[in-house]
Amino acid sequence: METVWGRALAMQPQCGFGEMGVCCTNCSMGPCRIVKISPDGPKKGVCGATEDTMAARNLARSIAAGSAAHSDHGRDIAEALLNFVKQKRPIKDKEKLKLLAEEWGIKSCDDDTENLVAKVAKTALDEFGKPFGHLRFVERAPKKRKDIWESMNVVPRAIDREIVEVLHSTHMGCDADYRNIMNAAVRAALSDGWGGSMIGTELSDILFGTPAPHEVEANLGVLKEDSVNIVIHGHEPTLSEAMVIAVNDPEMIEMAKKQGAESINLVGMCCTGNEISMRHGIPMAGNFFQQELAIVTGAVEAMVVDVQCIMPSLSQLAKCYHTKLITTSCKAKIPGAIHIEFDEIKSIECAKKIVQEAVINFKNRTGNLLIPKEKSKGKVGYSVEAIIKTLDGVTNTFAHPSGTVKPLVDAIKSGVVRGAAAIVGCNNHRVPYDKCHVELARELIKNDVLVVTTGCGAHACIKAGLMSDDAVKLAGKGLATACGLLKIPPVLHMGSCVDISRILHLVSMVANYMDVDIKDLPIAAAAPEWMSEKALSIGTYAVASGIYVVLGVSPQVTGSENLTKYLTSDMEDIYGGRFDIEPDALKAAGKIINHIENKRKALQI
Ligand code: SF4
Ligand code: SF4
């Protein structure tokens, strides 16, 4: 039986040309590669493309792919919102709907929710292909940030347009200037963070509810021996939300009991797991590198997947067990899997059909179960709204208005909390699994740096107990005091990968409150175990938003010294943020703390 670690071992040594980003297959005169180690090797592609051009084009295409993945997810949510109106289904957060409509200048009668939903959904859909203007959420950024973007001509216009433009300009015989290629890539990345991802998050909250703090269980120990276990894996909350409803249907539970099971146990994996844990407290079974291991327990009746980060290996692995791998999206089919197309209009019926497949599979278990005992508990659900509500709890309402970030700014200004860092991203065989996330988070909170996290980093942190009440004991004195007052853990789960847009929103609110730019804040970000193109898009929009980003794994760019310098140094001169590469988590923490202290000095706080 093979897993990701075995395949990674079999792949060694990995190709140096690809690793350095100096291999090009953009036309059929190629493949071309630049030979760096020998003086006699080719230094240009057949068309004359240099190492700078090749590496920048490859990186830009990856960033565009990452932006496309997040943004297409956002589009699906906007379409789901429109479908909700057609189906006359209830909207969970009407307050947020109204606030967003107001922010976007959409007028509607107070009592006409349907009309308002339709207008907001259509306006969101327009963001993908409008011919003029720029993305609406750009207005959330501080003025100084927008000025920088304008001066660089990277203000994202329409989401799809920015992605198309990268693909166009990186076609053979088009853009050969690595700096200009990166400009297009930055614009595509910004159209993700301040566009597609932000739309995905905001509209998901409107549709399914804005997360609020509550406790959940995490790790593979959440699988139950006596129940029908369904793992939902992927990204889009439309499917997982319908699954939450379907598994709670009395008819489904009755059916499970008839098969000899105690109940139906729905658990989440990767980002879709984050979405339903944030909103419904569904247990978080695991992150990217646990998807295969979940099947190996022998206790999974169905692994239900939609899009993104689903290893194609699952289908072969599932065949070694009774597990049914069920694909649901026309965008992501896997040979050997059962395909049940998810139809948004008939979402609950579809979800019930999937649940039935799982339930009838319970009897096919072989009995050799290997469910690990390990599971932990932690608090999740820290949307921006939940954080502000928590801060309201320590606001003196006689002296100050509620609903602001003032208490957070006060804590940072006083130095009780030195700053904040986001730990995001995936798992990668190139670095020790989960260890980098956890070591980094522990070291940061020990030094009074508040940690916010999303994606598979959030899974790693909750499994390590960093979101439990006890975790406060691991924090430095200042952070521990602040967490004690606010009754929060020192590591805050802010959601899925698209929910990194929540972090952008929060830092904009703090920057606006302090009347500074995002680049001036004592904040940083890290993706210690990143692997996906989506993570490259996230890293790029964070840097272009003025944030220092430490990567634990190097992007495939080192074949171009110019591009490497651009990412790790020149970008700071332009945007105030830059990439840094540091695989050692403790050293990465040291760099982040150093960066935060330098920003504090500059702010004279
Ligand atoms: S675009 Fe240029 S470098 Fe790339 S494969 Fe074609 S000829 Fe080679
Ligand atoms: S953090 Fe990475 S691996 Fe995990 S769900 Fe997001 S993109 Fe996929």
Side-chain angles (χ1 to χ4, degrees), residues 4 17 21-35 42-58 61-62 65-70 73 167 169-176 181 192 197 200 232-237 240 268-275 277 284-292 305-311 332 422-429 431 433-434 436-437 453-461 493-501 525-539 551-553 559-560:
V4 63
F17 299 111
V22 287
C23 166
C24 180
T25 57
N26 288 11
C27 86
S28 73
M29 293 195 289
C32 301
R33 77 257 182 276
I34 307 274
V35 179
K43 299 288 176 271
K44 283 177 187 160
V46 175
C47 67
T50 63
E51 61 202 41
D52 295 340
T53 308
M54 273 190 203
R57 282 197 310 214
N58 290 341
R61 284 188 164 218
S62 285
S67 176
H70 283 148
H73 168 161
L167 296 180
S169 62
T170 55
H171 186 275
M172 186 269 148
C174 213
D175 201 343
I181 292 168
D192 168 1
S197 282
I232 176 102
H233 172 27
H235 280 77
E236 294 185 356
S240 51
M269 184 144 284
C270 278
C271 274
T272 210
N274 285 323
E275 299 265 3
S277 76
M284 296 162 62
N287 52 9
F288 184 56
F289 270 13
Q290 280 173 299
Q291 57 186 289
E292 291 176 314
V305 302
D306 52 21
V307 290
Q308 301 171 22
C309 302
I310 298 143
M311 291 190 192
I423 300 181
V424 304
C426 328
N427 301 131
N428 191 320
H429 68 89
V431 285
Y433 170 51
D434 273 357
C436 302
H437 287 297
T453 178
T454 63
C456 291
H459 280 272
C461 289
H493 190 334
M494 290 189 75
S496 64
C497 292
V498 293
D499 292 340
I500 294 173
S501 61
E529 304 181 25
W530 77 275
M531 64 86 201
S532 75
E533 290 172 313
K534 290 179 290 173
L536 279 177
S537 175
I538 293 166
L551 301 176
V553 177
S560 161

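Counting starts at 1 for both ligands and their atoms, in listed order.
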Just which atoms of ligand 1 are under 4.0 Å from any heavy atom in M54?
-> 3 (S)
Region of Q308 that comes within reach of ligand 2 [heavy atoms, distance under 4.0 Å] | neither
F17 and I34: side-chain contact (heavy atoms from CB on, under 4.5 Å), yes or no, with the steps?
-> CA-CA 7 Å; F17 299 111; I34 307 274; over 6 Å; no
Give a yes/no verdict on whether any heavy atom in A535 is under 4.0 Å from an atom of ligand 2.
-> no
At a 4.0 Å threshold, what atoms of ligand 2 neighbour a non-hydrogen atom of C426?
-> 1 (S), 2 (Fe), 3 (S), 7 (S)
Look only at the side chain of T453 and the backbone of I423, and say whether a donor-acceptor pair between them is shorter than 3.5 Å.
-> yes
Within a distance under 4.0 Å of any heavy atom of M531, pick out the atoms of ligand 2 and give their elements.
-> 3 (S)
Show your working on side-chain hydrogen bond (donor to acceptor under 3.5 Å, both in side chains) between N427 and E529 and close with a plain yes or no.
-> CA-CA 5 Å; N427 301 131; E529 304 181 25; 3.2 Å; yes
Provide the number and element of each atom of ligand 1 under 4.0 Å from a heavy atom of R57.
-> 1 (S), 3 (S), 4 (Fe)
Has R33 got more than 12 heavy atoms of other residues, nucleotides or ligands less than 6.0 Å from its CZ?
-> no
Would N274 and S277 satisfy side-chain hydrogen bond (donor to acceptor under 3.5 Å, both in side chains), going step by step from the backbone distance to the final call?
-> CA-CA 5 Å; N274 285 323; S277 76; 4.7 Å; no
Which atoms of ligand 2 have any heavy atom of G425 under 4.0 Å away?
-> 1 (S)
side-chain hydrogen bond (donor to acceptor under 3.5 Å, both in side chains) with D192: of S67, S501, S197, only one passes, and it is S197
Just which atoms of ligand 2 are under 4.0 Å from any heavy atom in C309?
-> 3 (S), 5 (S), 7 (S), 8 (Fe)
Please could you name the atoms of ligand 1 that C32 approaches to less than 4.0 Å, counting only its heavy atoms?
-> 3 (S), 5 (S), 7 (S), 8 (Fe)
Any donor-acceptor pair under 3.5 Å from E275 side chain to S240 backbone = no
Distance only, no hydrogens: is a donor on one side chain within 3.5 Å (strictly under) of an acceptor on the other, for H73 and K534?
-> no
Kindly confirm whether atom 4 (Fe) of ligand 1 is within less than 2.8 Å of some N/O/S atom in C24?
-> yes
Does the shortest distance from atom 6 (Fe) of ligand 1 to an N/O/S atom of C47 fall below 2.8 Å?
-> no
Ignoring hydrogens and geometry, is there a side-chain-to-backbone donor-acceptor pair from W530 to V553 under 3.5 Å?
-> yes
Mark up the atoms of ligand 2 that fall under 4.0 Å of a heavy atom belonging to C271, in ascending order.
-> 5 (S), 6 (Fe)
Sub-4.0 Å heavy-atom approach of H235 to ligand 2 = yes
Which of the ligand 2 atoms, numbered from 1, are nearer than 4.0 Å to a heavy atom of S532 | 7 (S)
Look at the side chain of E236 and the backbone N and O of V307, then say whether any donor-acceptor pair between them is shorter than 3.5 Å.
-> no
Kindly determine whether D434 and N287 satisfy side-chain hydrogen bond (donor to acceptor under 3.5 Å, both in side chains), including the steps that lead there.
-> CA-CA 9 Å; D434 273 357; N287 52 9; 2.9 Å; yes
Closest to atom 6 (Fe) of ligand 1 among protein heavy atoms sits C27 SG, 2.4 Å
Ligand 1 atoms in contact with G30 (distance to a heavy atom under 4.0 Å) | 5 (S)
Got an N, O or S from C497 under 2.8 Å of atom 6 (Fe) of ligand 2?
-> yes
Enumerated ligand 2 atoms positioned under 4.0 Å from heavy atoms of F288 | 3 (S)
Is the backbone of C309 close enough, under 3.5 Å, to the side chain of H233 for a donor and an acceptor to pair up by distance?
-> yes
Verify, without hydrogens or angle tests, whether T53 (side chain) and A176 (backbone) share a donor-acceptor contact under 3.5 angstrom.
-> yes
Record the part of C456 in heavy-atom contact with ligand 2 below 4.0 Å; permitted values are side chain, backbone, both and neither.
-> both
For K534, counting its heavy atoms only, list the atoms of ligand 2 lying under 4.0 Å from any of them.
-> 7 (S), 8 (Fe)
Any idea which atoms of ligand 1 are less than 4.0 Å away from a heavy-atom of M172?
-> 1 (S)
